Enquirer: 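Okay, handing you the structure first.
Source: prediction; values computed, not measured.
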Amino acid sequence: MKLGVVIPAAGSGKRFGSTLPKQFQPLNGVPLLVHAIRVFEDSSFNCSVVLAVHPDYKMTVQNMVMRYNLTCVSALVDGGAERSESIDNALCDPSLRSCQLIAVHDAVRPFHTEELLERLVRTAEQFGAAVPCVPLSDTIKVVRNYTVVETVPRTDLRAIQTPQVFNAQLLRSCYESLGELDGSITDDASVLELCGKSVYTVDGLTENIKITTQQDFAFAQFLLHKEDY
Ligand code: CTP
Ligand code: MG
């Protein structure tokens, strides 16, 4: 089966705070972006991967694709000012035209697995949209002006990860009908939700963390070498 894959890799990593954007930081000597692509490269799906990158880093990424022999990468497109704009640009790429399903995966999540991808694909084939979720362990409160407003019951709350897998037509039509995109849309399931479409969940992986801060990166290094501790 041909699986379309969109990887947004055009962010500047403000919260990470390094000159080299976090998606290019080496983890165990290999850039985070390459870790993110490898699961698709090595999977049993025939993947066509479109990367959204900032024009300043196009050459860097082209070199990475060659150096690591990432044959599943079918195109590089320009990223936008927001993550959702980067996705919107990638969805228009002709190399995804024949894909019935599209997986969207953050460039800065190096610990997804083929087994998770398979479960998401099976669920998306059946229901149109599938996202991985994990339960929360902290108590969650709404806080305004340094004051607790309320405590939100935790039972129904989940943290949502990527990859997120969608019927391609459904995802494209939702992005099209939304029109204006902004920074408040931090994942692709949100785009479907805003259009009133159902999104199904599967159990995610607690180790499938998004590298947002330097502390996350240190934790990722720990996860890679935890058997040595
Ligand atoms: N991303 C993108 N285009 C943007 C912003 C983000 O392609 N305009 C990508 C990032 O490169 C990352 C993913 O979306 O792979 C998740 O975004 P996030 O973790 O927020 O990364 P940044 O936006 O780079 O970080 P920050 O919000 O701290 O600036
Ligand atoms: Mg961001």
Enquirer: Nearest heavy-atom pair of Gly204 and Gln161: which atoms, and what distance?
Expert: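 Shortest heavy-atom contact: CA-OE1, 3.6 Å.
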
Enquirer: Checking Asp93 side chain against Ser95 main chain: does a donor-acceptor pair fall under 3.5 Å?
Expert: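 The answer is yes, because a donor-acceptor pair under 3.5 Å joins these two groups.
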
Enquirer: Count I, L, V, M, F, W, Y as connected when their side-chain heavy atoms are under 4.5 Å apart, and connections chain through other members. Are Leu205 and Leu136 then in the same cluster?
Expert: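 Not linked; separate clusters.
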
Enquirer: For Cys92 and Asp88, work out which heavy atoms get closest and say how close.
Expert: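 The answer is SG-O, 3.4 Å.
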
Enquirer: Could you tell me the separation between the OG1 atom of Thr186 and the CD atom of Glu82, rounded to the nearest 0.5 Å?
Expert: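 One finds 10.5 Å between OG1 of Thr186 and CD of Glu82.
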
Enquirer: If you define the side chain from C-beta out and look only at heavy atoms, does anything of Leu116 sit under 4.5 Å from Val202?
Expert: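 When only atoms from C-beta onward are counted, Val202 and Leu116 do touch, with a gap below 4.5 Å.
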
Enquirer: Taking Val30's backbone N and O only, do any of them form a donor-acceptor pair with Asn28's side chain (distance below 3.5 Å, no angle check)?
Expert: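 No, the answer is negative, given that no donor and acceptor are paired below the 3.5 Å cut-off.
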
Enquirer: What verdict does the side-chain contact (heavy atoms from CB on, under 4.5 Å) test give for Phe16 and Thr212, after you've listed the backbone C-alpha separation in whole Å, the side-chain angles of each residue and the deciding distance to 0.1 Å?
Expert: CA-CA 6 Å; Phe16 193 81; Thr212 304; over 6 Å; no

Enquirer: Just checking Met59: does its CE atom have more than 12 heavy atoms from other residues, nucleotides or ligands closer to it than 6.0 angstrom?
Expert: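 Counting neighbours around CE of Met59, 12 or fewer heavy atoms of other residues, nucleotides or ligands fall under 6.0 Å, so no.
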
Enquirer: Looking at Arg172 and Glu176, does any basic side-chain N land under 4.0 Å from a carboxylate oxygen?
Expert: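 No, Arg172 and Glu176 are not salt-bridged.
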
Enquirer: For Glu85 and Ala81, indicate whether the former's side chain and the latter's backbone hold a donor-acceptor pair under 3.5 Å.
Expert: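 Present.
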
Enquirer: Could you note down all residue pairs passing salt bridge (Lys or Arg N to Asp or Glu O under 4.0 Å) where residues 146-157 supplies at least one of them, sequence neighbours left out?
Expert: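 Qualifying pairs: none.
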
Enquirer: Among Ile, Leu, Val, Met, Phe, Trp and Tyr joined by side-chain contacts under 4.5 Å, find the other residues sharing a cluster with Leu171 and list them by chain and number.
Expert: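 So far as hydrophobic clustering goes, Leu171 is joined with Val6, Val50, Val77, Ile87, Leu91, Leu96, Ile102, Val104, Val131, Ile160, Phe166, Leu170, Tyr175, Leu178, Leu181, Ile185, Val191, Leu192, Leu194, Val199.
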
Enquirer: Write down the atom of Thr206, the atom of Val134, and the distance for their closest heavy-atom approach.
Expert: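 Shortest heavy-atom contact: N-CG1, 4.1 Å.
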
Enquirer: Output the distance between atom CG (Asp187) and atom CG (Asp106), rounded to the nearest 0.5 Å.
Expert: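 Rounded to the nearest 0.5 Å, the CG-CG separation comes out at 9.0 Å.
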
Enquirer: Taking all non-hydrogen atoms of both residues, which atom of Cys99 and which atom of Ala168 are closest, and how far apart?
Expert: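 Between these two residues, the closest heavy atoms are O-CB, 3.3 Å.
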
Enquirer: I'd like to know whether Thr139 forms a side-chain contact (heavy atoms from CB on, under 4.5 Å) with Val152, so could you lay out the CA-CA distance, the side-chain angles of the two residues, the decisive distance to 0.1 Å, and finally the verdict.
Expert: CA-CA 8 Å; Thr139 299; Val152 185; over 6 Å; no

Enquirer: Apply side-chain contact (heavy atoms from CB on, under 4.5 Å) to the pair Thr113 and Asn208, showing each step before the final yes or no.
Expert: CA-CA 9 Å; Thr113 64; Asn208 181 22; over 6 Å; no

Enquirer: Could you work out, with salt bridge (charged side-chain N to carboxylate O under 4.0 Å, His left out) as the rule, every residue matching Lys2, not counting sequence neighbours?
Expert: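 Salt bridge (charged side-chain N to carboxylate O under 4.0 Å, His left out) check on Lys2 returns nothing, list empty.
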
Enquirer: Are His35 and Leu27 packed together at the side-chain level, in the sense that at least one heavy-atom pair is separated by less than 4.5 angstrom?
Expert: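 They are in side-chain contact.
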
Enquirer: By ring pair (Phe, Tyr, Trp, His ring centres under 6.0 Å), which residues pair with Phe40, not counting sequence neighbours?
Expert: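 Applying ring pair (Phe, Tyr, Trp, His ring centres under 6.0 Å) to Phe40 gives His105, His112.
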
Enquirer: Does Asp78 CG have over 12 foreign heavy atoms under 6.0 Å away?
Expert: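 Yes - once you tally the heavy atoms of other residues, nucleotides and ligands closer than 6.0 Å, there are more than 12.
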
Enquirer: Would you compute the distance between atom CZ of Phe217 and atom CD1 of Ile211 and round it to the nearest 0.5 angstrom?
Expert: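 If I round to the nearest 0.5 Å, the distance is 7.0 Å.
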
Enquirer: Less than 4.5 Å apart, any side-chain heavy atom of Leu120 and any of Pro132?
Expert: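 Side chain of Leu120 against side chain of Pro132, heavy atoms only: contact under 4.5 Å found.
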
Enquirer: Counting neighbours of CD on Gln169 that are heavy atoms of other residues, nucleotides or ligands and sit closer than 6.0 Å, is the number greater than 12?
Expert: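 Counting other residues, nucleotides and ligands, CD of Gln169 stays at 12 neighbours or fewer.
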
Enquirer: Is a side-chain N or O of Arg109 found less than 3.5 angstrom from the main chain of Pro163, in a donor-acceptor match?
Expert: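 No, Arg109 side chain to Pro163 backbone: no donor-acceptor pair under 3.5 Å.
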
Enquirer: Considering residues at least two apart in sequence or located in another chain, which fulfil the salt bridge (charged side-chain N to carboxylate O under 4.0 Å, His left out) criterion with Asp216?
Expert: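 Salt bridge (charged side-chain N to carboxylate O under 4.0 Å, His left out) check on Asp216 returns nothing, list empty.
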
Enquirer: With no hydrogens and no angle check, is any side-chain donor or acceptor of Glu114 less than 3.5 Å from a backbone partner on Ser44?
Expert: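 Judged by distance alone, yes, a pair lies under 3.5 Å.
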
Enquirer: Assess, by modelled atom type and distance only, whether the side chains of Asn63 and Thr60 contain a donor and an acceptor separated by less than 3.5 Å.
Expert: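 The criterion, which ignores hydrogens and geometry beyond distance, is not satisfied for Thr60 and Asn63.
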
Enquirer: Shared ILVMFWY cluster between Val39 and Phe111, side chains joined below 4.5 angstrom?
Expert: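 No, no single cluster joins them.
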
Enquirer: Between Val73 and Leu76, is there a side-chain heavy-atom distance shorter than 4.5 Å?
Expert: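 Answer yes - side chains close enough.
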
Enquirer: Can you check whether Phe127 reaches Ser198 side chain to side chain, under 4.5 Å on heavy atoms?
Expert: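 No, side chains not in contact.
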
Enquirer: Which pair of heavy atoms, one from Gly11 and one from Pro21, lies closest together, and at what distance?
Expert: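 Where Gly11 meets Pro21 most closely, the heavy atoms are O-CB, 3.9 Å.
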
Enquirer: Any chance CD of Gln100 has more than 12 other-residue heavy atoms, nucleotides or ligands included, within less than 6.0 Å?
Expert: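 No - once you tally the heavy atoms of other residues, nucleotides and ligands closer than 6.0 Å, there are 12 at most.
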
Enquirer: Is any side-chain heavy atom of Val148 closer than 4.5 Å to one of Val142?
Expert: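 Val142 vs Val148: side chains apart.
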
Enquirer: Working to the nearest 0.5 angstrom, can you tell me the gap between Met64 CE and Asn69 CG?
Expert: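 These two atoms lie 15.0 Å from each other.
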
Enquirer: Is it possible for you to say whether Tyr57 and Val49 belong to one hydrophobic cluster, with membership spreading through side-chain heavy-atom contacts below 4.5 Å?
Expert: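 Result: yes, single cluster for both.
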
Enquirer: Within the distance-only criterion (no hydrogens, no angle test), does the side chain of Gln25 pair as donor or acceptor with the backbone N or O of Leu20 below 3.5 angstrom?
Expert: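 Checking the backbone N and O of Leu20 against the side chain of Gln25, a donor-acceptor pair under 3.5 Å is found.
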
Enquirer: Do Val34 and Val5 sit in the same hydrophobic cluster, where Ile, Leu, Val, Met, Phe, Trp and Tyr count as joined when their side-chain heavy atoms come under 4.5 Å apart?
Expert: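 Yes, Val34 and Val5 fall within the same hydrophobic cluster.
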
Enquirer: Given Val121, which partner from the list Arg119, Glu118, Glu125 fulfils the side chain to side chain contact (heavy atoms under 4.5 Å, CB included) test?
Expert: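 Among the candidates, only Glu125 passes.
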
Enquirer: Are Ile37 and Ile7 side-chain neighbours, meaning at least one heavy-atom pair lies under 4.5 Å?
Expert: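 A side-chain contact under 4.5 Å exists here.
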
Enquirer: Determine whether more than 12 heavy atoms belonging to other residues, nucleotides or ligands lie under 6.0 Å from atom NZ of Lys58.
Expert: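 Yes, because the 6.0 Å sphere around NZ of Lys58 holds more than 12 heavy atoms from other groups.
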
Enquirer: Under 3.5 Å, is there a donor-acceptor pair between the side chain of Gln23 and the main chain of Ala107?
Expert: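 Not a single qualifying donor-acceptor pair exists.
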
Enquirer: I'd like to check the salt bridge (charged side-chain N to carboxylate O under 4.0 Å, His left out) partners of Asp188; sequence neighbours left out, ordered by chain and number.
Expert: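 Applying salt bridge (charged side-chain N to carboxylate O under 4.0 Å, His left out) to Asp188 gives Arg83.
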
Enquirer: Considering all heavy atoms of both residues, which atom of His54 and which atom of Ala10 are nearest to each other, and what is their separation?
Expert: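 Of all heavy-atom pairs spanning His54 and Ala10, the closest is N-CB, 3.7 Å.
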
Enquirer: Test Phe24 against Leu32 for side-chain contact (heavy atoms from CB on, under 4.5 Å), laying out the working first.
Expert: CA-CA 6 Å; Phe24 308 127; Leu32 283 176; over 6 Å; no

Enquirer: Are Tyr200 and Val165 connected, step by step, through hydrophobic side chains (Ile, Leu, Val, Met, Phe, Trp, Tyr) whose heavy atoms are closer than 4.5 Å?
Expert: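 No, separate clusters.
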
Enquirer: Could you tell me if the side chain of Leu157 sits less than 4.5 Å from the side chain of Thr155, heavy atoms only?
Expert: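 No. Closest side-chain heavy atoms not under 4.5 Å.
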
Enquirer: For Thr147 and Asn145, does a side-chain donor sit closer than 3.5 Å to a side-chain acceptor?
Expert: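 There is no such pair (donor and acceptor under 3.5 Å, judged by atom type) between the side chains of Thr147 and Asn145.
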
